[in-house]
Novice: 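Questions regarding the structure given below will be posed in turn.
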Amino acid sequence: MYALVDCNNFYASCERVFNPSLLHTPIVVLSNNDGCVVARSQEAKDLGIPMGAPAFQLRELIEKHKVAVFSSNYTLYGDMSHRVMNTLASLTPHIEVYSIDEAFVDLQGLEHTDLTLYGQKVVQTVRRNTGIPVSMGIAPTKVLAKMANRYAKKYPGYKGVCLIDTDEKRIKALQQFPIEDVWGIGRQYSKKLRYHGIQTAYDFSQKSRSWVRRELTVVGERIWSELNAQACIAPEDSAAAKKQICTSRSFGSLLTEFDEIYEAVAHYAASCAVKLRKQKSLAVGMSVFVMTNPFREQDPQYINSRHIRLSIPSNDSSELIALAKQLLSLIYLSGYRYKKAGVVITEITPSTPTQSDLFDPIDRNKRKDLLQAVDRLNDRMGSYKIRIASQGYGRKWKLKNERLSPCYTTRLEDVISIHCDAPV
DNA sequence: TCTGGGGTCCTAGGACCC
DNA sequence: TCTGGGGTCCTAGGACCC
């Protein structure tokens, strides 16, 4: 059996943990740049605020219902996520962290346990240890566990845990489950399935294997098997190294000058380098892209990217920044108002063993020591306290986050201020 | 005025090999 | 008149996830 544990309204719940006066207040958390709604408390969902809605379209609703609005604080959410995952790991045989707010638990070895009671204990303990409410779906396959989790969230009677352990329960659950809510069935697939008269997960599970294979390829066939209680999505190693790394942001305002955009791109390249070093990898391929704001139809539009392969793979911030600058100079055109840029590392190779180059002008061992020292300092003192000068301080491109909460758990100044000032 | 960021997997088709 | 069979690798594009 598998369990899927999912934090309820995760970002909104994180804000609430440190601000208990918001217990019954509708909360929304905005995307980077305070653009769209990316998380909502139950009260905000009840007001009809849709996921992904642009914040500026909701102004009236927000004022009318006194909705608490937050910029996203990924430092806080990341730290809270660690706490939840650590608690889960201490209570269960094996967890696989699937996203910032979700984990699969392999329940092998608990065959003789009452899984509902066990699940409720897990849910209560996570809540007590971290303040974050979670729900748990338990079933024979991952896709069914995802479905069970939906039911656990939807019906308070379940006390946070829904168990699908018989065929009877499975079929009943499938029959009431809209096809587009199935894990792995997105917009295009559900449109296609609806066209063929399939409304529920049950309808889909009743189609023949060959029909599913033909219409939705092997991807759909796997989902079909899992709905029919045949597990075929294997446990994954959540610590696996990434195959692609990307840093991109919209700018806080529209930019026109090369130097302004270069500063942002240098910063994104440095960020990719840090991510590479963290997972002990080297970049082999790199792309840089720029684009104007597609929503501004009155402006001339431009989008372009350029790719390069490194002759010697690297995770050195200076080198990646220099290459990013070259790429940017190939695609930058004056006369446009740029909204967004990004750096993508497309091919990645492990940093050991290394293949050295006889004619390499750089002493890579020396550079490695330097970069390690910089990383250690920045881990202790805060990100990018030590940086390459061309990263600058981003006064022009930096994103908007006007409603940022304090980093209650990670930033010394914030930890002190909450203990001294806040009526905890 | 204002609209996010970061990933994965699969397939088809072209280029190439013997 | 008749023109093989079996592979690999790479890329772009499309689907999905949170």
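Order of the sequence lines sets the chain letters (A, B, ...), proteins ahead of strands, with each chain counted from 1. In this text the structure is predicted, and so the values were computed from the model without any measurement.
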Novice: Using atom CG of A/N33 as one end and atom P of B/dC2 as the other, report the distance to the nearest whole Å.
Specialist: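 So the two atoms are 11 Å apart, to the nearest Å.
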
Novice: Give one of base, sugar-phosphate or nothing for A/I100, where a contact means two heavy atoms less than 4.0 Å apart.
Specialist: nothing

Novice: Which is true for A/L399 with a 4.0 Å heavy-atom rule: it touches a base, it touches only sugar-phosphate, or it touches nothing?
Specialist: nothing

Novice: Can you check the A/Q244 CD to B/dG6 P distance for me, whole Å?
Specialist: 11 Å

Novice: Under 4.0 Å, counting only non-hydrogen atoms across every strand here, what does A/T247 touch: a base, just sugar-phosphate, or nothing?
Specialist: sugar-phosphate

Novice: Are the ring centres of A/Y189 and A/W224 closer than 6.0 Å?
Specialist: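 No: the rings miss the under 6.0 Å criterion.
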
Novice: Counting only side-chain heavy atoms from C-beta out, which of B/dC10, B/dG5, C/dA15 sits nearest to A/N32?
Specialist: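 Side chain of A/N32 sits closest to B/dG5.
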
Novice: Picking from B/dC2, C/dC18, B/dG7, which would you name as closest to the side chain of A/E102?
Specialist: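 Side chain of A/E102 sits closest to C/dC18.
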
Novice: How many whole angstroms separate atom CZ of A/F289 from atom P of B/dG4?
Specialist: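 Distance check: A/F289 CZ to B/dG4 P gives 12 Å.
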
Novice: By the 4.0 Å heavy-atom rule, please label A/K191 as base, sugar-phosphate, or nothing.
Specialist: nothing

Novice: Starting from C1' on B/dT3, measure out to CD on A/E297 and report it in whole angstrom.
Specialist: 12 Å

Novice: So what does A/R187 hit on the nucleic acid, given a heavy-atom distance under 4.0 Å: a base, only sugar-phosphate, or nothing?
Specialist: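 A/R187: backbone/sugar contact only, no base atoms under 4.0 Å.
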
Novice: Taking the side chain of A/Q188 as its heavy atoms from C-beta onward, which of C/dC18, C/dA15, B/dG4 lies nearest to it?
Specialist: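 Within the option list, the nearest is C/dA15.
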
Novice: Looking at A/F177 versus A/Y151, is the centre-to-centre ring distance below 6.0 Å?
Specialist: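 So the answer is yes for these two rings.
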
Novice: Can a side chain N or O of A/S248 be found less than 4.0 Å away from OP1 or OP2 on B/dG6?
Specialist: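 For A/S248, the contact criterion (side-chain N or O under 4.0 Å from OP1 or OP2 of B/dG6) is met.
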
Novice: Compare the minimum distances between each of C/dC17, B/dC10, B/dG4 and the side chain of A/S31, then state the nucleotide with the smallest one.
Specialist: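 Looking only at side-chain atoms, A/S31 lies closest to B/dG4.
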
Novice: Rounded to whole Å, please give me the gap between CE in A/M291 and P in B/dT3.
Specialist: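 It works out to 11 Å between those atoms.
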
Novice: Hey, which of these two, A/K242 or A/V218, hits DNA chain B nearer its 5' end, going by closest nucleotide?
Specialist: A/K242

Novice: Once you measure the plane-to-plane angle for A/Y302 and A/Y338, does it fall in the parallel (<30°), tilted (30-60°) or perpendicular (>60°) bin?
Specialist: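 Perpendicular.
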
Novice: Is the phosphate of B/dT3 approached by A/R296 (side-chain N or O, under 4.0 Å from OP1 or OP2)?
Specialist: no

Novice: Would you mind reading off the distance between A/E347 atom CD and B/dT8 atom P, rounded to a whole angstrom?
Specialist: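 Result: 14 Å.
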
Novice: Look at the side-chain N and O atoms of A/K339 and state whether any lies under 4.0 Å from the OP1 or OP2 oxygen of B/dT3.
Specialist: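 For B/dT3, OP1 or OP2 has a side-chain N or O of A/K339 closer than 4.0 Å.
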
Novice: Side chains of A/V105 and A/H94, heavy atoms from C-beta outward: is any pair under 4.5 Å?
Specialist: no

Novice: Between A/Y74 and A/Y11, is the ring centre distance below 6.0 Å?
Specialist: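 Under 6.0 Å, so yes.
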
Novice: Hey, does A/K192 reach any base, or is it just sugar-phosphate, or nothing, if we go heavy atoms under 4.0 Å?
Specialist: nothing

Novice: Are A/K146 and C/dC18 close enough that a side-chain N or O sits under 4.0 Å from OP1 or OP2?
Specialist: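 So the side-chain polar atoms of A/K146 do come within 4.0 Å of the phosphate oxygens OP1 or OP2 of C/dC18, strictly under.
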
Novice: Do A/K398 and A/F251 meet the cation-pi criteria used here (NZ or CZ under 6.0 Å from the six-membered ring centre, within 45° of the axis)?
Specialist: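 A/K398 over A/F251 ring: no.
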
Novice: With DNA chain B as reference, determine whether A/R59 or A/R249 sits nearer its 5' end, using the nearest nucleotide of each.
Specialist: A/R59

Novice: Output the rounded distance in Å from CG (A/L193) to P (C/dC16).
Specialist: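 These atoms are roughly 10 Å apart.
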
Novice: Measuring from the side chain of A/Y98 (C-beta onward, heavy atoms only), which nucleotide among B/dC10, C/dC17, B/dT3 has the closest atom?
Specialist: C/dC17

Novice: Between C/dC17, B/dT3, B/dT8, which one does the side chain of A/W183 approach most closely?
Specialist: C/dC17

Novice: Could you check whether any side-chain heavy atom of A/L227 comes within less than 4.5 Å of a side-chain heavy atom of A/F204, counting everything from C-beta outward?
Specialist: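 Result yes, sub-4.5 Å side-chain heavy-atom pair found.
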
Novice: Choose from B/dG7, B/dT3, B/dC9 the nucleotide whose nearest atom is closest to any side-chain atom of A/F56.
Specialist: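 In terms of side-chain proximity for A/F56, the closest of B/dG7, B/dT3, B/dC9 is B/dT3.
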
Novice: Which nucleotide sits closest to the side chain of A/T217: B/dT11, B/dG7, B/dT3?
Specialist: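 Looking only at side-chain atoms, A/T217 lies closest to B/dT11.
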
Novice: Tell me what A/D34 touches on the nucleic acid: a base, only sugar-phosphate, or nothing, going by heavy atoms under 4.0 Å.
Specialist: nothing

Novice: If you check every side-chain atom of A/S250, which of B/dC10, B/dT8, B/dG5 has the closest atom?
Specialist: B/dG5

Novice: Tell me: CD1 of A/I62 to C1' of B/dT3, nearest whole Å?
Specialist: 14 Å

